[in-house]
Protein chains: 2
Amino acid sequence: MTEELLLDDFDRQILRRVQADARATGEGIGADIGLSAAAVQRRLKRLRQLGVITAEIALLDPAAVGQAMAFVVSVEMERERADVLDAFRRAARADPNVQQCYYVTGAADFVLMVTTRDMADFEAFSRRLLFDNENIRRFTTNVVMARDKVGLAVPV
Amino acid sequence: MTEELLLDDFDRQILRRVQADARATGEGIGADIGLSAAAVQRRLKRLRQLGVITAEIALLDPAAVGQAMAFVVSVEMERERADVLDAFRRAARADPNVQQCYYVTGAADFVLMVTTRDMADFEAFSRRLLFDNENIRRFTTNVVMARDKVGLAVPV
DNA sequence: GGTGAAAACCCCTGATC
DNA sequence: GATCAGGGGTTTTCACC
């Protein structure tokens with residue numbers, strides 16, 4: 001289990017900041033929270049090494065790169081055998097149209113966030129990952145009409 | 001509508017790279033795709049100005065900051081009146097435990113990705129946003145047991 | 001329009017206190 | 001944690017295609 005007690009208030013303020021803007025400078029952050037630029041950088045380095053910061057990435061406007069459509073797909077497997085679940089996991093993980101894959105409790109076994117260029121692209125995707133899969137009992141698709149809030153930021 | 005034709009192959013390669021690592025240097029990227037560091041930086045600047053790159057952010061390990069639990073919540077509204085939908089939208093957007101909120105077609109009206117510290121935290125959240133809301137007909141919650149793939153990267 | 005090369009600038013890094 | 005010096009990355013300018 002990862003420890004949370006390794007973070008003090010400065011760390012949390014830094015994390016809040018870089019969660020919104022990974023390009024914020026040590027000097028800018030330090031000026032706001034009352035730390036020198038070097039101290040902020042030292043803490044950032046530590047937070048990366050500890051694995052608290054897992055990645056720093058660029059977010060793209062899906063429409064701008066031609067990925068206009070998004071879908072929420074709930075998948076119910078035929079039976080919950082470990083090898084069957086793992087096989088689906090791997091396939092979902094490897095599929096470029098799958099943005100997110102969650103293994104969940106409840107009626108569904110998996111919930112996927114999928115982005116595609118258009119409807120034809122989604123049909124190709126669903127055939128590839130869903131229809132041609134004997135182990136899937138059923139799946140339901142919700143078409144995303146509006147992405148009201150999209151982020152991976154976590155309250156800290 | 002945002003145009004996609006403004007991107008050439010160099011742009012797409014750069015986008016692919018920074019989607020995985022926003023701290024990649026212009027020199028490193030340029031070496032891989034056959035461009036000078038300056039050219040890469042020029043293109044990155046343009047991609048930011050065009051809004052193709054909407055943000056550069058740090059991703060945190062939820063467990064490391066004490067946000068161990070995640071939920072997929074499907075919400076069905078009592079009736080689809082624009083003002084009712086907008087009110088829910090705003091509330092979801094403002095809630096720190098709501099990572100993502102999608103307005104969708106199908107049985108559900110909204111799908112939310114929610115993270116919380118623990119079950120008590122989720123109960124407080126659901127009371128706050130869901131139970132105390134006259135306009136919600138019903139909602140279903142799926143507890144996330146494993147985050148198999150989590151990202152916002154888009155195929156480009 | 002685009003690029004590559006070099007200088008200036010800024011930021012990060014490491015050593016020292 | 002702060003300060004300062006050194007190295008590296010980014011940004012700008014410039015000449016060129």
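Every chain is numbered from 1 and lettered A, B, ... according to where its sequence line falls, protein lines coming before strand lines. Heavy-atom basis, side chains included; hydrogens, waters and symmetry copies ignored.
In this structure, Arg43(A) fails the cation-pi test against Phe10(A), since its NZ or CZ atom is not both closer than 6.0 Å to the six-membered ring centre and inside 45 degrees of the ring normal.
dT3(C) atom C1' lies 13 Å from atom CD1 of Ile33(B), rounded to whole Å. Taking atom CZ of Arg48(A) as the reference point, atom C1' of dT13(C) lies 12 Å away to the nearest angstrom. To the nearest angstrom, C1' of dG9(D) lies 8 Å from CD of Glu27(B). Rounded to whole angstrom, the span from the CG atom of Leu44(A) across to the P atom of dC11(C) amounts to 14 Å. Between Ile29(A) atom CD1 and dA2(D) atom P there is a gap of 14 Å when expressed in whole angstrom units. Atom CD of Glu56(A) is separated from atom P of dC12(C) by 11 Å (rounded to the nearest Å). Nucleotide dC11(C) holds its C1' atom 14 Å from the CG atom of Asp21(A), rounded to whole Å. We find that CD1 of Ile14(B) is positioned 13 Å from C1' of dG2(C), with the value rounded to whole Å.
Each of dT11(D), dT13(D), dA2(D) was ranked by its minimum atom distance to the side chain of Arg42(B); first place goes to dT13(D). The side chain of Thr25(A) sits closest to dC11(C) out of dT11(D), dC11(C), dA2(D). Candidate nucleotides dA5(C), dT3(C), dT13(C) were compared by shortest atom distance to the side chain of Ala38(B), and dA5(C) ranks first. The side chain of Leu35(B) lies closest to dG4(C), out of dG4(C), dC12(C), dG14(C). Residue Gln41(B) has its side chain nearest to dT10(D) when only dG4(C), dG9(D), dT10(D) are considered.
Ring geometry, Phe122(A) versus Phe71(A): the interplanar angle falls under 30°, so the pair is classed parallel (tilted spans 30 to 60°).
Within 4.0 Å (heavy atoms only), Arg23(A) reaches sugar-phosphate atoms of the nucleic acid but no base atom.
When the shell of 6.0 Å around CZ of Arg127(A) is examined, it contains 12 or fewer heavy atoms from other residues, nucleotides or ligands.
Contact between the side-chain N/O atoms of Arg43(B) and the OP1/OP2 oxygens of dT3(C) is found at a separation under 4.0 Å. Regarding contacts with the backbone of dT12(D), a side-chain N or O of Lys45(B) is found under 4.0 angstrom from either OP1 or OP2.
Val73(A) pairs in a side chain to side chain contact (heavy atoms under 4.5 Å, CB included) with only one of the listed residues (Asn142(A), Leu130(A), Val111(A), Thr140(A)), which is Leu130(A).
Salt bridge absent: Arg23(A) and Asp21(A) never bring a charged side-chain N and a carboxylate O closer than 4.0 Å.
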